[in-house]
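Working notes for the structure below.
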Amino acid sequence: MTSIAFKPFTGLRRSSVLPCPNPTTTTTLSKPVVKFHVSAARTSPKLSNRNLRVAVIGGGPAGGAAAETLAKGGIETFLIERKLDNCKPCGGAIPLCMVGEFDLPLDIIDRRVTKMKMISPSNIAVDIGQTLKPHEYIGMVRREVLDAYLRDRAKDNGANVINGLFLKMDMPKSWDDPFVLHYTEYDGKQGAVGSKSTLEVDAVIGADGANSRVAKAINAGDYDYAIAFQERIKIPDDKMVYYENLAEMYVGDDVSPDFYGWVFPKCDHVAVGTGTVTHKSDIKKFQLATRNRAKDKILGGKIIRVEAHPIPEHPRPRRLSGRVALVGDAAGYVTKCSGEGIYFAAKSGRMCAEAIVEGSQNGKKMVDEGDLRKYLEKWDKTYWPTYKVLDVLQKVFYRSNPAREAFVEMCADEYVQKMTFDSYLYKTVAPGNPLEDLKLAVNTIGSLVRANALRKEMERLNV
Amino acid sequence: MSISTALFSPAPTPLSVKPNFTTKSTPFLSLNRPFLLLSTPKSLPDNGAGVSASVAAVEDSNPNREDPILEKAVDGSSGPNGAATSAEVEVLSKFEDPRWIAGTWDLKQFGKNGSTDWDAVIDAEVRRRKWLQDNPETTSNDDPVVFDTSIIPWWAWMKRFHLPEAELLNGRAAMIGFFMAYLVDSLTGVGLVDQMGNFFCKTLLFVAVSGVLLIRKNEDLDNIKKLIEETTFYDKQWQATWQDETTSNNN
């Protein structure tokens, strides 16, 4: 990544004219002389009579995975989570590779989705999933179950799980000063106000999600975000049979101008939702349209819960500052096109923790920004192709109704299905067969041309 | 879209707290109240007023939206509310056409002189998509749409869409070419055959052809500029965090 020539750009970073609270960080742009050059941990001093202390703010998948890896690596870990039974509004889909990589027990997975239906604006429906092998599936989980499992595993490995709300953080005044975290600790009593406490740590991992306070503390900058709106609907059992292991995706201008509407099966109900970046104020209208498109299939259902959450569209301008790193949604690691975030949150938490463990040599040495940068390097190198491909797909196929029609048409092709599922389930951009790729490219262009031609005729009809 | 506006009209200010709401709710809705929860991300730590206001908002707009789904399942208890909204639900009519059978166009009905009239098929599909754009319909498992535009042969698409446009563009290119050749000849005295041998003239020719191909309408100029920016925007967002590194390394 560092070898690519950087074109200058403006406006993406929040203004650096804000007074930087930490004059000794190496990232201050206004200082002409950098006090401490970013370098490997070998030159860092050894910590005497204690292990490295790291705080992980936020106990979702990112925080849980990070805390577990840190604790396993011998680092004194503090995991601060404000709501231990948080039932997060989330699609809840995890790829197959996550089960293996994070050793998830199979009873966490409520449902295995092996079929998907894509529905175009003109209701052309295409079934995908015929190419899946019998052991392959998309796992649907309940977030409260998954998050609790990862947190408990971190606790079992030695992390200190604190039920508290992170308030703010004092930056270190000199290089080896600790970070002082201010948080409100809840001692378990329901509705208690909680007591203010502080904690001194050497490094912080911000895993506190889309509205990250840690990100604010390090002036990480803002990102564009989509609003995802979802209703959980309990439908009659005979209708639920249809959704036994099938998820649906609806595309169209009525459902969302730049995203898709979905019906995902959960443990005993379905989640019907939609999202948008550009027309957030119309989200309820889009939700109505989504329910309308699925009307026959969810008839007789009762809405049991309504929820909404922001989904980052791209990483924050600054994901790292001094010895504070952001992971998961706080960093903005949600893919475009599919809006997938759970796996990437957990993986980034783990990667960041691994970088800290390695840089501090299992907690014996102080870490440096350079060690944390290694996590960013590894992350960008490993997952950049995935993100870029999904970005291109979103730009090409979510632009307009003709593009969406072409998208659904393309999904009928077996090669496309195989490539899509392979890359989704295993998180690698597989190169594929060049001849088939060529055929695919030709077919894509054909579909796009046909759909656009039909749209031009449609406009002529109106006039 | 008439349904959505009709359903939205009784739901006024979304964020005002309504203490006397229970008096308006129908029997089965009051049973549902305990189930309605709302979690919004913005109201994270400082819940207080935010959550109660938004809960009221959800309950406010929900009764009218729930009715279309629920009133068909709950037989008698919907009462006046159910009857009032059932009329609106029936208003939506599905797309109907004698030639649209079993979710696809019946090509036998498009016959003309023994072979299929593909233009008519294209027209019919255009009309169907236009209808659906204005009146989105529900999908149904018993009645799936399986039409695929690729059954219309490539030459039908060519004849109808590509050829007229190609004629237009070739005409433009020919006019530009003739005029530029005349202009260059009159200015430099180099004839057409000698122009083709010159590198600069070949470049001009390339620019003219690509201009005719890419810039067909006035809006295309802006579109191309936006496209170029779009292709690299995401990359820039990802590399933002590395800007720090180069600056600090340079120091």
Side-chain angles (χ1 to χ4, degrees), chain A residues 1-2 6 9 12-13 26-27 29 32-34 38 82 89 119 121-125 165 210-211 242 252 254 285 288-289 292-310 314-315 317-320 373 376 380 384 388 391 395 401 409 450 453-454 457-458 461, chain B residues 3-4 7 32 35-42 44-45 58 61-62 65-66 68-70 72-73 122-123 125-130 132-133 136-141 144-150 152 157 160-161 230 232 234-249 251:
Chain A
M1 266 287 137
T2 48
F6 294 115
F9 66 93
L12 282 181
R13 177 181 295 291
T26 54
T27 55
L29 296 172
V33 175
V34 172
V38 168
R82 71 167 176 98
I119 294 150
S122 65
N123 282 342
I124 294 174
L165 173 64
N211 299 311
Y242 170 69
D254 55 329
K285 187 172 82 163
L288 252 182
N292 185 33
R293 293 259 235 126
K295 186 160 74 177
D296 276 358
K297 291 173 260 190
I298 57 174
L299 203 55
K302 233 190 300 203
I303 299 180
I304 55 178
R305 195 185 161 106
V306 181
E307 40 196 28
H309 61 286
H314 63 83
R318 191 186 287 185
R319 290 176 264 158
L320 184 61
R373 285 250 164 221
L376 279 188
D380 283 2
W384 167 243
K388 184 64 185 171
D391 176 51
K395 285 206 177 81
N401 269 355
E409 251 181 48
R450 286 196 295 267
L454 284 178
E457 284 294 305
M458 278 161 70
L461 253 188
Chain B
I3 289 294
S4 48
L7 289 172
N32 284 340
F35 292 114
L36 286 175
L37 301 165
L38 179 68
S39 64
T40 54
K42 296 297 174 192
L44 264 179
V58 167
S61 42
N62 254 342
R65 284 192 287 146
E66 280 177 328
I69 291 179
L70 302 176
K72 284 192 184 161
I122 292 180
D123 280 331
E125 178 64 11
V126 165
R127 221 165 281 129
R128 183 183 80 92
R129 290 198 182 180
K130 183 93 193 133
L132 281 177
Q133 192 172 283
E137 244 171 53
T138 167
T139 56
S140 118
N141 289 333
V145 174
V146 291
F147 178 67
D148 186 357
T149 53
S150 53
I152 301 172
W157 296 98
R160 177 144 174 181
F161 296 107
E230 226 184 74
T232 50
Y234 193 56
D235 308 29
K236 287 200 204 117
Q237 290 171 332
W238 269 79
Q239 288 160 11
T241 201
W242 296 100
Q243 279 281 339
D244 286 342
E245 162 107 329
T246 39
T247 337
S248 56
N249 271 342
N251 292 339

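Within every chain, numbering begins at 1; the chains are lettered A, B, ... in the order of the sequence lines, protein sequences first and strands thereafter.
- Using a 4.5 Å cut-off on side-chain heavy atoms (C-beta onward), A:Arg373 and B:Trp242 make contact.
- Distance alone, capped at 3.5 Å, places no donor-acceptor pair between the A:Asp391 side chain and the B:Tyr234 backbone.
- Residue contact with chain A, scored on non-hydrogen atoms closer than 4.5 Å, involves the side chain of B:Arg128 exclusively.
- Contact detail for B:Val145 and A:Ser122: the closest heavy-atom pair is CG1-O, 4.0 Å.
- Side-chain contact between A:Trp384 and B:Gln239 is absent, with no heavy-atom pair separated by less than 4.5 Å.
- Using a 4.5 Å cut-off between heavy atoms, A:Glu457 touches chain B through backbone and side chain atoms alike.
- Judged as a salt bridge (charged side-chain N to carboxylate O under 4.0 Å, His left out), and not counting sequence neighbours, the contacts of B:Asp123 are B:Arg160.
- Checked by atom type and distance alone, the side chain of B:Thr241 never pairs as donor or acceptor with a backbone atom of A:Arg318 at under 3.5 Å.
- A:Arg293 and B:Glu137 make their closest contact through CD-O, 3.3 Å (heavy atoms, listed as atom of the first residue, atom of the second, distance).
- A search for side-chain contact (heavy atoms from CB on, under 4.5 Å) contacts involving A:Pro121 returns A:Val251, A:Asn401, A:Arg404, A:Glu405, not counting sequence neighbours.
- B:Trp157 is listed as a side-chain neighbour of A:Leu454, based on a closest heavy-atom distance under 4.5 Å.
- For A:Ile119, the part sitting under 4.5 Å from any heavy atom of chain B is the side chain, from C-beta outward, and nothing else.
- Among B:Leu132, B:Thr149, B:Ile122, the residue with the largest count of heavy-atom pairs under 4.5 Å with chain A is B:Thr149.
- Note that the NZ atom of A:Lys395 and the CD atom of B:Glu230 stand 5.5 Å from one another [nearest 0.5 Å].
- Interatomic distance, CZ of A:Arg450 versus OG of B:Ser150, reported as 5.0 Å (0.5 Å rounding).
- A:Ala294 touches chain B through its backbone: at least one of N, CA, C or O sits under 4.5 Å from a heavy atom, while the side chain does not.
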